[in-house]
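For reference, the structure is listed below as structure tokens.
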Amino acid sequence: MLDQIIDSGKKATRDGFGAGLHAIGQQNDEVVALCADLIGSLKMQAFIKDFPERFFQVGIAEANMMGIAAGLATAGKIPYTGTFANFSTGRVYDQIRQSIAYSHKNVKVCASHAGLTLGEDGATHQILEDMGMMRMLPGFTVINPCDYNQTKAATIAIAEHYGPVYLRFGRPSWPNFTAEDQKFEIGKALLMSEGSDVSLFATGHMVWNAVEAAKIVAAEGISVELINIHTIKPLDEEAILESALKTKAVVTAEEHQRNGGLGDAVAQVLSRKAPTPQEYIAVNDSFGESGKPVELLSKYGLGVDDIVQAIRNVIKRK
Amino acid sequence: MADIQKLKQIASQVRRDIIRQTHSAASGHPGGSLGCTDFLVALYFDLMEHDPSFNMKAKGEDVFFLSNGHISPVWYSVLARSGYFPTAELATFRQINSRMQGHPATHEGLPGIRVASGSLGQGLSVAIGMALAKKLDGDDKTIYALTGDGELEEGQVWEAMMFAAHHKVDNLVVAVDWNGQQIDGPTEEVMSLGDLPAKWAAFGWEIVHLEDGNDMEQVVAKLNEAKSKTGQGKPIVIMMKTEMGFGVDFMQGTHKWHGKAPNAEQTADALSQLEETLGDY
Ligand SMILES: Cc1ncc(C[n+]2csc(CCOP(=O)(O)OP(=O)(O)O)c2C)c(N)n1
Ligand SMILES: [Mg+2]
């Protein structure tokens, strides 16, 4: 099963968002889009070209964008906001909290350039706290798809779900390996490869690194159960428990702080229902820096080798 | 009297540094950097009293804050050429394990930087805070800050403007890089700024008009004029018209070079238009 996971050619997840937005724009007239001076970075050009009257440029004013989106949603529109992940969350947290989350507005907060793989722009832009912030907001759905195809499918699927959604994706070209015609089910973990020795729960760009790590340890005779947790909230507790009870060892992998992200979400389930040794692949209470995506992942402990080591370590703790 | 000829020579070298940094990093923001070169050179090599041995608190020194942090290449070059750190370090711009972060940061301890910037709209507030502290300390030096024009779309800037006038923060000189460009296009198309000088005036600021922020003589004269207006109960803003990409013909006057690095051929072309005056790093 692991051998069947192959890269069909690198593409950026943000391009998947752009394609998904255009597709859902064609299918659903209620979908509107907003952007804060980052049209090209968010790949929103196709939507804007075909639906200019349903697009609003708000300039460099993210807080205003969130408020306007809440107003549009109040009248039944389905607004998709587009800016970098940092400016989609931390910059506007209270606007989202009050006008969108607490007021239960159907706004889709779509965030590109998340995490270290943003690269050269450096720590001011590399948010690693966003999933934690967003999953703490009651009623928010938090999604971090792993590749182009999954991001496109998720972008389309969230229009059908009523409620606020945080959709997180990234800047770099990255392996594209999930099915092109997949149906995206919010909250349903995706089993990528069955295994028996360790459960590897990964999200976002880290799913590909997890695939590579699983292939490496397979050669040592370690059987990895690889599960793609594209939805951090609501978390697929059933899938996580079932796998952890079978393998009795867990590794989580995410492009995020250790505090507050996927690892913490998984640990919360396990500690209540099935205490299991767990290793975290995540940034350990540190800011990022400028550099190339892959070298940064390596420096901050998110490389393929780090996952391999975490798998070996957690098995020893069984 | 300022030696305009010398300042122009420095500016030419700084522009070379900007091109070379962004080219070797294959990323970064040459457009705004080139447009603001004359301003930063005049500030650091003529107007400000500052000490390159660098002290965070800057007692008895003039201080500069860059709010539009994406134009880090021009600031890094000016700081290095002023003696804050070796010019050789410019070669590490945007590389891993460097102090030359994509956007200015204090985190790696780069001398000359007092607060991180890059997320737009925050620098003016910080500059006001330090200006207040100078007053509390009886320090009569001046705080300078630079903001982009697109950056003015952020609401926090207007909160800061209101505060500075209300609290009579008159030891503060802010320049607006009024290049009329931002990422998605001309500011008038993205989010029109309207009558900017009238808006600043309505918020209680003293206005200084700088018609050509890429003419060194005018830059120096207007900076001095702004400085002469400090201490009179009002914060001062310089409405500084510049051209994005100034000094490199194919980058000039378009948002297309806001955040795009030149390739090898473009770099050679750009460098052929900029005299090497102080020696490349
Ligand atoms: C809060 C925030 N939103 C968005 C961005 C992305 N961004 C970087 S520069 C820029 C345009 C800035 O325009 P302006 O201030 O006019 O600078 P110029 O393009 O003229 O250099 C934008 C939108 C950012 N850095 N910070
Ligand atoms: Mg501008």
Side-chain angles (χ1 to χ4, degrees), chain A residues 34-45 48 55-68 82-92 94-95 113 116-127 171-172 286-300, chain B residues 21-22 24-29 68-70 72 92-108 115-123 147-159 181-193 255-256 258-261:
Chain A
L34 302 94
C35 186
D37 195 22
L38 286 169
I39 289 169
S41 295
L42 270 285
K43 306 291 175 185
M44 296 170 93
Q45 297 99 325
I48 296 168
F55 172 75
F56 301 97
Q57 169 67 269
V58 299
I60 313 169
E62 297 81 6
N64 191 36
M65 177 162 73
M66 294 305 163
I68 292 169
T83 181
F84 291 164
N86 187 24
F87 315 136
S88 295
T89 57
R91 178 91 196 184
V92 293
D94 189 47
Q95 283 77 13
H113 293 53
L116 292 170
T117 53
L118 161 123
E120 288 84 352
D121 272 342
T124 51
H125 290 50
Q126 283 162 347
I127 196 155
R171 174 174 184 264
S286 154
F287 288 101
E289 65 177 89
S290 294
K292 298 198 168 51
V294 173
E295 70 190 12
L296 289 171
L297 289 179
S298 217
K299 175 164 176 177
Y300 289 88
Chain B
Q21 285 176 84
T22 51
S24 69
S27 73
H29 301 77
N68 44 336
H70 58 279
S72 54
T92 69
F93 179 58
R94 289 183 165 238
Q95 312 286 340
I96 199 165
N97 300 320
S98 166
R99 300 197 291 182
M100 309 282 108
Q101 288 297 300
H103 294 79
T106 57
H107 191 257
E108 289 76 18
V115 74
S117 58
S119 180
L120 295 166
Q122 304 185 24
T147 168
D149 51 0
E151 184 178 8
L152 300 179
E153 292 157 13
E154 287 290 358
Q156 184 181 343
V157 179
W158 302 83
E159 297 171 23
Q181 307 289 340
Q182 57 189 105
I183 291 186
D184 284 344
T187 49
E188 283 316 295
E189 287 170 25
V190 175
M191 183 54 56
S192 91
L193 297 165
H255 66 277
K256 301 223 164 64
H258 157 92
K260 186 173 131 193

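First the proteins, then the strands, lettered A, B, ... as listed; each starts at 1.
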Greatest number of non-hydrogen atom pairs under 4.5 angstrom with chain A, of M191(B), E153(B), M100(B), Q95(B), falls to E153(B)
Side chains of I96(B) and R94(B) in contact at under 4.5 Å (non-hydrogen atoms): no
Taking the side chain as everything from C-beta on, heavy atoms only, tell me whether Q101(B) gets closer than 4.5 Å to H107(B). no
* Is there side-chain contact between F87(A) and I127(A), with heavy atoms separated by less than 4.5 Å? -> no
Applying a strict 4.5 Å limit to non-hydrogen atoms, the region of S72(B) in contact with chain A is neither
So, the part of A61(A) with a heavy atom under 4.5 Å from chain B: the answer is both
Of the listed Q57(A), R91(A), K299(A), the one with the largest count of heavy-atom pairs under 4.5 Å with chain B is R91(A)
Looking only at N97(B), T187(B), V190(B), D184(B), most heavy-atom pairs under 4.5 Å shared with chain A are made by D184(B)
### Message
Are L34(A) and M44(A) packed together at the side-chain level, in the sense that at least one heavy-atom pair is separated by less than 4.5 angstrom?
### Response
no
Under 4.5 Å to a heavy atom of chain A? For S98(B) that would be backbone
Assign the ring pair H125(A) / H103(B) to parallel, tilted or perpendicular, where the plane angle (0 to 90°) is split at 30° and 60°. parallel
Minimal heavy-atom distance between S117(B) and G69(B), with the atoms involved, is OG-CA, 3.3 Å
The interface call for E151(B) against chain A, heavy-atom contacts under 4.5 Å, is backbone
